[in-house]
Amino acid sequence: MAEEAILGFLHENHEIADSGKFATQSGISHDDIVNVVKSLSAFHFVEAQDIKRDSLVLTEEGRAYAAAGSPEVQLVNAIPPEGITLKELENKVGSDIFSIGRSYAMKNKWVEMDKSKVVTRKFDTVDDKVKEMLVQIQEGKVTNTEDAAFINLKKRKLVASQIWKGYSVKKGPKYARERRKQATDLTRDNLQRDEWKNLEFKEYNFKAKGFPVEGGHLHPLLKVRKQMQMIFLQMGFEEMPTNNYVESSFWNFDALFQPQQHPARDSHDTFFLKEPSTTKILPEDYVSRVKQVHESGGHGSRGYGYDWKREEANKNLLRTHTTAVSSRMLYSLAQKPFAGQRYYSIDRVFRNEAVDRTHLAEFHQIEGLICDRGLTLGDLQGVLQDFFSRLGMSKLRFKPAYNPYTEPSMEIFGYHEGFKKWVEIGNSGMFRPEMLLPMGLPEDVRVIAWGLSLERPTMILYGIDNIRDLFGHKVDLGLIKSNPICRIGIK
Ligand code: PHE
């Protein structure tokens with residue numbers, strides 16, 4: 001309506017000299033006029049010039065009196081013909097109206113009070129000049145601000161002056177009688193009805209920002225895991241089933257030739273299960289071969305020479321490494337005619353550790369193994385070289401180490417091109433005959449294997465120095481949403 005009125009008026013007239021007056025004349029609110037003028041001038045339909053002038057507005061108190069009458073008149077009107085005590089009058093009109101109204105009514109000599117504090121009125125009716133003037137101001141009809149009555153209202157803080165803002169409006173270069181809506185789409189209807197010829201299309205805004213892409217976000221650990229998986233698959237490895245966090249001590253330790261007194265088998269290092277606390281099913285003849293190799297050895301080994309206890313092997317725990325999965329896999333492999341295999345897994349393990357910047361009680365392990373006839377330490381080094389160079393680390397060093405289940409064992413160090421230093425990246429070795437032969441694997445079968453945590457390379461790649469920022473309940477979802485699409489390759 002405002003748009004029609006403005007464009008229509010300008011069609012007949014040279015200009016709208018004052019948007020305020022135009023608003024009053026056309027019966028449209030000034031705010032509406034202002035909004036339309038702004039939008040029309042942005043599209044050059046009109047040209048608008050600012051107008052500013054001092055204007056009068058009523059204060060909150062002034063507005064109240066313009067509606068209900070001045071306090072002095074309210075007070076007088078509340079006095080009955082026979083008069084009223086001050087107390088009663090105050091109760092009748094309320095204490096604010098009473099105290100203000102009383103002083104002005106006295107000043108105007110509209111009321112009288114006798115010695116017994118009874119108030120009577122001196123006139124039957126009094127004119128409310130204050131209210132009249134306030135209403136006039138409200139309607140914008142008062143222009144004489146020198147008037148004594150007006151100055152009085154200002155003193156009483158019933159009016160205040162304010163800067164009024166409006167416009168004078170002329171036709172702009174794109175003026176038209178009517179602003180047509182620009183089309184944002186070319187529709188099937190437009191084409192069928194032949195309307196498209198006359199449509200005005202809105203221009204594309206190539207600077208507008210698109211909506212942020214919402215949806216799922218992969219956690220950095222998942223991204224790195226995916227990359228690791230791809231490397232294993234490219235190298236012809238097959239994934240081992242790791243869907244059992246609970247494992248028996250037998251598969252986690254005993255099958256790996258880890259003696260029952262080993263400190264890792266203490267509750268300080270390992271979480272044991274209360275319920276169910278023990279396993280029920282183990283392959284009995286294999287168990288007896290494991291018992292024998294621990295107690296007295298065989299296959300050229302002397303064993304550990306202690307009393308191997310079945311109860312210890314039965315204890316359930318949260319697996320401390322995914323090598324427990326490897327031991328199950330190798331055992332089942334040994335139950336069939338032998339064929340070489342490459343296996344990998346990436347899954348969660350648990351250790352009873354003090355939590356700090358780099359350690360949590362649960363983390364993920366990456367594990368790889370190759371079993372075949374006649375493998376050597378050279379094969380292990382070659383495979384590790386291949387594996388880690390695919391991760392962007394081609395300079396490797398090996399340091400002799402000890403694991404109960406591998407001999408020889410090697411810690412793996414890689415040269416970090418970004419940090420310009422050697423960092424420990426994994427552990428590896430060749431599984432011992434004391435582990436493989438009781439399973440029933442042929443004597444010439446060798447198994448080379450290695451393991452590393454998933455968290456460590458992820459932290460290096462994403463520049464995260466506190467593991468709690470990566471994993472656990474303190475992880476910031478903002479980090480997950482904003483982390484870059486990462487390619488492994490530390491350069
Ligand atoms: N299981 C070892 C660990 O937890 C890693 C490893 C796997 C070592 C295979 C040698 C061979 O650190």
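Just so you know, ligand 1 is whichever comes first in the structure, and atom 1 is the first atom listed for that ligand. What you see is a predicted model, and the numbers here were worked out from it, not measured in a lab.
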So what's ligand 1 close to, N/O to N/O, under 3.5 Å?
from, atom 1, to, atom 2, distance (Å)
ligand 1, 1 (N), H321, ND1, 3.2
ligand 1, 1 (N), T323, OG1, 2.8
ligand 1, 1 (N), Y405, OH, 2.9
ligand 1, 4 (O), R351, NH2, 3.0
ligand 1, 4 (O), Q365, NE2, 2.9

message = On the six-membered ring of F257, is R432 placed so that its NZ or CZ lies under 6.0 angstrom from the centre and within 45° of the ring axis?
response = no
inquiry  = I'd like to know if K165 and D50 make a salt bridge, using a cut-off of under 4.0 Å between side-chain N and carboxylate O.
reply    = no
ask   = Is it true that R319 and D347 have a side-chain N and a carboxylate O under 4.0 angstrom from each other?
value = yes
ask   = Distance only, no hydrogens: is a donor on one side chain within 3.5 Å (strictly under) of an acceptor on the other, for T320 and D269?
value = no
request  = Sort and list the pairs that fulfil salt bridge (charged side-chain N to carboxylate O under 4.0 Å, His left out) and have at least one residue in residues 296-316, not counting sequence neighbours.
outcome  = E284-R310, E312-K315
message = For F250 and Y286: C-alpha separation, side-chain torsions, deciding distance, then whether ring-ring contact (aromatic ring centres under 6.0 Å, His included) applies.
response = CA-CA 11 Å; F250 180 77; Y286 174 46; 5.5 Å; yes
